[in-house]
Amino acid sequence: MPELPEVETTKNKITPALQGQKIVRVEVRQPSLRWIVSPEIMRLKNETVHDLSRRGKYIILTLDHGYLVIHLGMTGFLKIVDANTPIGKHDHIDLVLEDGKILRYNDIRRFGSWQWFENIEDCILIQNLGVEPLSDDFNSAYLLNRFKTKKIACKIAIMDSKIVVGVGNIYASEALFLAKIHPETPANQLNIKQINDLVSSIKAVLLKALKEGGTTIKDFQQSDGKIGYFVQQLNVYGRQGKKCYVCGTLIESKVLGQRNSFFCPACQKK
DNA sequence: CAGAGCTCCTGAATGC
DNA sequence: TGCATTCAGGAGCTCT
């Protein structure tokens, strides 16, 4: 389940193989993703990949005449393969490059998306995104301001991509644990210290995962096909009923906003 | 506008 | 052993 560090890692891994390369053709075996893959994408050819960037969990390929915007959803991953690599189950899209290499998209649950925009300004989904968590724009003053009218649980609020991007379910629980904040605390009731702690915890959790090369549970694979290895370092996620590493209290779980949340009831008081 | 709930999908885990 | 049910989850969309 790619979160921001996984997406960043993926982007960095595939960049050398793509940058400056011309797209020979695109093979779409399964167009039915989060949104139907558009005809423009299927017809892409003779477009050079000038640049790869990331905004939130979107990977953006800058081509000659537009932008290819890719989201990995929950189970999507991109890898660079040779021309003769057999097509596996759930290998939905191939971007065939001039040098024979292929950018291959695999997505078991098809929650991901491939979209085409002539102008990136037309991509409303990206235009509406909140700040990048690892940028200076994501700071205490910003979060305090955005939270002051939010009565929802802070766990749900930090996962709202209109506020801050890239904080998925795993890292939301982890960051709240580090900040010693109960996930159900209403966002507008966090005090200054808690806001400070939350901001630095989110940055710390994401940076750590980034350094590790992206977490990885079950479905996520790095673009070279290697399975990640960060899962064992999670403090609370998926650990309900097990002892808190800090105080020994049993970790609890509770569904908030349709998502399971994990916390230590002793370390993270309401 | 804010917030709650629904939805897409497959495979692993669980239940009987 | 096998079939049916449940759960997981990013995030846009619908409804209140």
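Worth knowing before you read on, the calculation uses all heavy atoms, side chains too, and leaves out hydrogens, waters and symmetry mates. Residue numbers start from 1 in every chain, and the chains themselves are labelled A, B, ... in the order their sequence lines are given, proteins ahead of strands.
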Colleague: Any salt bridge between K45(A) and E47(A), counting N to O under 4.0 Å?
Modeller: no

Colleague: Sub-3.5 Å donor-acceptor pair from the side chain of E174(A) to the main-chain atoms of N235(A), do we have one?
Modeller: yes

Colleague: Does the protein touch nucleotides 3-10 of chain B at the base, only the backbone, or not at all? Give it as B, S and - per nucleotide, heavy atoms under 4.0 Å.
Modeller: SSB--BBB

Colleague: Tell me: CG of D107(A) to P of dG10(C), nearest whole Å?
Modeller: 13 Å

Colleague: With a 4.0 Å cut-off on N to O distance, would you call E252(A) and K254(A) a salt bridge?
Modeller: no

Colleague: Mind calculating the distance between NZ (K162(A)) and C1' (dA2(B)) to the nearest angstrom?
Modeller: 12 Å

Colleague: Between I163(A) (CD1) and dG10(C) (C1'), how many Å, whole number?
Modeller: 16 Å

Colleague: Figure out the CZ/P separation between R55(A) and dA11(C), and round it to whole Å.
Modeller: 12 Å

Colleague: For L33(A) and dG10(C), give me the distance from atom CG to atom P, rounded to whole Å.
Modeller: 17 Å

Colleague: Distance check: side-chain N/O of N260(A) vs OP1/OP2 of dC7(C), anything under 4.0 Å?
Modeller: no

Colleague: Please answer whether the main-chain N or O of K193(A) pairs with a side-chain N or O of N191(A) as donor and acceptor at a distance below 3.5 Å.
Modeller: yes

Colleague: Roughly how far, to the nearest 0.5 Å, is the NE2 atom of H182(A) from the NZ atom of K269(A)?
Modeller: 10.0 Å

Colleague: Look at D94(A) together with R29(A) and state whether they make a salt bridge at an N to O cut-off of under 4.0 Å.
Modeller: yes

Colleague: To the nearest Å, how far apart are H71(A) NE2 and dG10(C) P?
Modeller: 9 Å

Colleague: Nearest-Å distance, CE (M159(A)) to C1' (dA11(C))?
Modeller: 9 Å

Colleague: In whole angstroms, how far is the P atom of dA8(C) from the CG atom of L256(A)?
Modeller: 12 Å

